Amino acid sequence: MERALITGLGVISCLGRGADTLWEALHAGPHGPRRVADPGANVDIPLVYLVPDADLPTEPTTWADAPVGPASRLAVAAAREALDDAGIVGAVRRGDVRPERVAVLLGTTMGDHQVRERERSGEWAPSAGWHTEYLVASVVADLLGGQGPVSTNSNACAASGYAIGLAVDMIRAGEADVVLVGGAEAYSRLAVANFHRMGATDPERCRPFDQGRKGTVSGEAAAMLVVEAASVARRRGASVYAEIAATGWSCDAHHPTAPEPGGAQIDAAMRRALRDGATSPAEIACVVPHGTGTELNDVVESEALRTLFGDRPVPLYSLKAQVGHTAGAAAGLAVATAALILFTRAVPPNVPLDAPDERCPVWLPVEARPLAGRAVLANAYAFGGNNVSVLLRSVPA
């Protein structure tokens with residue numbers, strides 16, 4: 001059975017463009033959201049972790065007579081970076097990788113819904129061509145030349161995590177040699193309004209596990225990974241960030257938006273990933289949690305982590321405290337960060353809590369520290385009770 005290796009990374013977020021930029025920014029100190037200059041949003045707390053204007057891609061604007069929105073543009077830019085990083089385009093040209101063996105799998109929650117929002121409000125002229133919000137993977141595949149399977153996944157905020165699980169399955173089953181996989185999410189009035197209507201928006205920033213948290217704050221991002229069969233990567237001499245050793249999926253079957261308070265299926269997803277990856281809880285050196293900053297989610301995940309690890313302190317890296325909740329891109333961004341943690345052998349410093357929540361007994365080191373092990377776990381949970389955990393391992397040089 002083929003192993004699935006990460007050989008390329010591409011990232012755009014509120015911290016800027018590029019995986020290197022992300023990594024440097026995570027060490028540089030806290031970052032906060034901005035107010036959205038959008039009167040059409042019509043919400044009391046219009047805060048979003050926005051991609052800087054200078055880093056926003058402006059192309060493509062159309063595809064197959066359909067308008068292309070910001071999410072697709074973010075995805076294309078991140079995909080190009082990941083492919084360049086992995087050297088896949090050159091490998092295809094040399095014949096080392098066949099284009100029909102390159103798949104594209106992408107997770108998103110809102111897709112290019114912003115196009116519809118602006119058309120319906122009269123700010124943009126109605127598009128004449130056919131349009132759907134879920135063009136994103138097709139746009140990426142067509143513009144970048146992938147000729148293998150293409151799919152857009154939308155398991156809400158776990159979407160890109162499920163896409164990564166499918167990528168691993170495709171590599172293991174021999175259905176693809178290379179999978180370009182990840183997620184993309186752009187600002188959407190509807191998404192911001194939904195969280196606001198539920199009373200789940202923090203008026204200051206995203207502050208997971210903090211006693212004073214009042215909800216989450218949305219963020220824009222795209223994170224794309226090149227996941228490659230080990231035999232192909234080895235044959236072409238590719239550099240490797242980490243191995244995706246396994247994924248674990250589960251469903252709460254409890255509530256459309258709230259997690260099941262006992263956390264049984266969150267625990268099950270983590271244990272399935274560990275079992276499939278032949279890894280014990282004692283081998284996990286760091287966790288990138290889902291950690292949204294919502295009241296119940298942080299408590300449930302904290303308890304599930306304590307059930308899994310017992311009293312052993314495991315460092316967490318609370319990514320959303322820096323980039324907000326990037327919805328369908330969240331798992332892809334978490335896995336990219338986990339890969340960088342393994343590759344650099346270091347855990348970035350966490351944003352300090354104002355006051356720890358005693359109901360969330362997690363360890364959030366506020367100083368950078370060396371990684372004391374070879375395995376990292378990344379979690380993502382979503383509306384509908386969709387849970388996914390991704391197990392990554394370092395690859396010996």
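If you're wondering where the values come from, they're calculated on a predicted model, not measured in any experiment. The figures here come from the full heavy-atom set of this structure, side chains too, leaving out hydrogens, waters and symmetry mates. We number each residue from 1, following the sequence as shown.
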Distance-only donor-acceptor hits, side chain of residues 82-89, under 3.5 Å, sequence neighbours excluded:
unit_1: D85; atom_1: OD1; unit_2: Y241; atom_2: OH; d: 3.4
unit_1: D85; atom_1: OD2; unit_2: L9; atom_2: N; d: 3.0
unit_1: D85; atom_1: OD2; unit_2: Y241; atom_2: OH; d: 2.6

* **Main-chain N/O of P361 paired with S302 side-chain donor or acceptor, under 3.5 Å** => no

* To do: Report yes or no: do V97 and I6 belong to one cluster of Ile/Leu/Val/Met/Phe/Trp/Tyr joined by side chain heavy-atom distances under 4.5 Å?
  => no

* **Minimal non-hydrogen separation, G111 against E185, with atom names** => N-OE2, 3.7 Å

* Just wondering, more than 12 heavy atoms not from D276 lying within 6.0 Å of its CG? -> yes

* **Heavy-atom pair with the smallest gap, counting every atom of T58 and T61** => O-CG2, 3.5 Å

* Asked: Do you know which two heavy atoms are closest between D298 and P208, and how far apart they sit?
  -> OD2-CA, 3.3 Å

* Does R374 come within less than 4.0 Å of E243, counting only side-chain N to carboxylate O? -> no

* Between CD1 of I284 and CG of L377, what distance do you get to the nearest 0.5 Å? -> 5.0 Å

* To do: May I ask you to say whether D354 pairs ionically with R205, meaning some side-chain N is under 4.0 Å from a carboxylate O?
  => yes

* **Side chain proximity check, E220 to C14, heavy atoms < 4.5 angstrom** => no

* Asked: Testing N297, D357, T294 for side-chain hydrogen bond (donor to acceptor under 3.5 Å, both in side chains) with R213, which one passes?
  -> D357

* side-chain contact (heavy atoms from CB on, under 4.5 Å), paired with L56, selected from I12, L50, V51 -> V51

* Structure fact -> All heavy atoms of A158 vs all of V388, minimum pair found to be CB-CG1, 3.9 Å

* Any side-chain hydrogen bond (donor to acceptor under 3.5 Å, both in side chains) involving residues 322-351? Give me the pairs, sequence neighbours left out, ordered by first then second residue. => H31-Q322

* Between L105 and V168, is there a shared hydrophobic cluster once you connect ILVMFWY residues whose side-chain heavy atoms come closer than 4.5 Å? -> yes

* Kindly indicate whether the side chain of V48, heavy atoms from C-beta on, has any atom under 4.5 Å from the side chain of P33. => no

* Asked: With no hydrogens and no angle check, do the side chains of E283 and S280 hold a donor and an acceptor under 3.5 Å apart?
  -> yes

* To do: Ignoring hydrogens and angles, tell me if any N or O in the side chain of H254 forms a donor-acceptor pair with the backbone of G385 under 3.5 Å.
  => no

* Structure fact -> To the nearest 0.5 Å, atom OG of S72 lies from atom CD of Q114 at 11.5 Å

Side-chain atoms of residues 223-230: list all donor-acceptor pairs with protein atoms under 3.5 Å, sequence neighbours left out, distances to 0.1 Å.
unit_1: E228; atom_1: OE1; unit_2: T7; atom_2: OG1; d: 2.8
unit_1: E228; atom_1: OE1; unit_2: R236; atom_2: NH2; d: 3.0
unit_1: E228; atom_1: OE2; unit_2: A233; atom_2: N; d: 3.4
unit_1: E228; atom_1: OE2; unit_2: R236; atom_2: NE; d: 2.6

* Asked: Donor-acceptor pair, R272 side chain versus W249 backbone, under 3.5 Å?
  -> yes

* To do: Indicate whether the side chain of T279 and that of R393 have a donor and an acceptor atom separated by less than 3.5 Å.
  => yes

* Asked: For the residue pair A159 and T108, what are the closest heavy atoms and their distance?
  -> CB-N, 3.6 Å

* Identify the heavy atoms of T307 and D267 that sit nearest to each other, and give their distance. => CG2-OD1, 4.0 Å

* Following the transitive rule for hydrophobic clusters with a side-chain heavy-atom cut-off under 4.5 Å over Ile, Leu, Val, Met, Phe, Trp and Tyr, establish whether V11 and L26 coincide in one cluster. => yes

